[in-house]
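In this text the structure is predicted, and so the values were computed from the model without any measurement.
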Amino acid sequence: MAFFASVNGEISPAAEARVSVLDNGFTFGDGVYETLRTYGGRPFHLERHLDRLRASATMLGIAIPATDGALAADLDRLLERAANPESYIRIIVSRGVGEISYRFDRIKGPTIVMAARAYEPFAEAQYRDGIPVIISSVRRNSPQALDPAMKCCNLINNILAVREAQAKKATEPLMLNELGDVAEGASANVFIVAKGALVTPPLSAGILPGVTRALVLELARTLQIETREESVRVRDLLGADEAFITSTLKEVMPIATVDGSPIGSGRPGLVTIRLLDAYRRYALAR
């Protein structure tokens, strides 16, 4: 499996790539990132991911002087070097190299890292049968503390939630917000289907504005599926006809059970199947 990385434009095997131990991304988690994948060898909706990367960086006060065109060119060179049929991509931007202090005026940066390895698809059985999820005891960060709309490198609460899910043999933890409503997964947005309508928590629930989330809403409207962005309570989730999670890597992944209780029939529903098919058709056609 070819795994290469670019650090400020310098490409090397990922195991040989180096970032300073004084980099604020390492010493403070002071950075932002995006996860992408390719379809047909090309980064999927790179422009949307770069828009969100810049929005996250702005929230942290990190300037990204490189243009989107320059970032895309660097990524093209990396993908050419990796030469994978399909790639998993991570783009990380940290504030830069400092001195383990809050003297931001002394930091030299930013540091821009891109990594690409062979994409490993999820098992088709997960799409055919659905996945088990849990409602995590770990709450989503409050927007007043660390806004989930910012895709930052501080993922401790996500890690805690994922470890809890793994201990319970679940694929994904669903996290509640400070009001006790369903927010999102540790690495995915959440949708339910109720009486034929597609419902997902609004951005105001304290969630990441997922690129795949937005695409699924757009595709649903083209399929004449009613869509609503509104609060989802735990009882709404448990009483839904269907439910699924979305992310760049997971696409549209059906939920079979929540804490062991089946959603609907316990099998992927017709709306979920239609949206997964539409999403894959769309992605492969770009």
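- Note on residues 24-40: pairs passing salt bridge (charged side-chain N to carboxylate O under 4.0 Å, His left out), not counting sequence neighbours, are D30-R95, E34-R52, R37-E251.
- Legend: salt bridge (charged side-chain N to carboxylate O under 4.0 Å, His left out) pairs involving residues 100-118, not counting sequence neighbours, sorted by first then second residue: E99-R106, R103-D105, R117-E120.
- For E172, the salt bridge (charged side-chain N to carboxylate O under 4.0 Å, His left out) partners at least two apart in sequence or on another chain are K250.
- Counting only residues at least two apart or on different chains, the salt bridge (charged side-chain N to carboxylate O under 4.0 Å, His left out) pairs with a member in residues 260-275 are D129-R267.
- Listed by first then second residue, pairs satisfying side-chain hydrogen bond (donor to acceptor under 3.5 Å, both in side chains) with a partner in residues 63-83 read R42-D76, R54-D68, D74-R77, not counting sequence neighbours.
- Sorted by first then second residue, the ring pair (Phe, Tyr, Trp, His ring centres under 6.0 Å) pairs that include residues 53-100, not counting sequence neighbours, number zero.
- Contacts classified as salt bridge (charged side-chain N to carboxylate O under 4.0 Å, His left out) and involving residues 143-166 (residues at least two apart or in different chains) are given here: E164-K168.
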Listed pairs under 3.5 Å, donor-acceptor, residues 190-206 side chains, sequence neighbours left out:
| unit_1 | atom_1 | unit_2 | atom_2 | d |
| --- | --- | --- | --- | --- |
| T200 | OG1 | V190 | O | 2.6 |

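- Every pair tested for side-chain hydrogen bond (donor to acceptor under 3.5 Å, both in side chains) that includes a residue from residues 9-18 fails, sequence neighbours excluded, so the list is empty.
- Judged as a ring pair (Phe, Tyr, Trp, His ring centres under 6.0 Å), not a single pair has a partner in residues 217-237 (not counting sequence neighbours).
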Can I get a per-line list of side-chain donor-acceptor pairs under 3.5 Å for residues 230-239, giving both atom names and the distance, sequence neighbours left out?
| unit_1 | atom_1 | unit_2 | atom_2 | d |
| --- | --- | --- | --- | --- |
| E230 | OE1 | R228 | NE | 3.2 |
| E230 | OE2 | R228 | NE | 3.3 |
| E230 | OE2 | R228 | NH2 | 3.4 |
| D236 | OD2 | R233 | N | 2.8 |

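- Under the ring pair (Phe, Tyr, Trp, His ring centres under 6.0 Å) criterion, the residue pairs touching residues 19-38 are F28-Y102, with sequence neighbours excluded.
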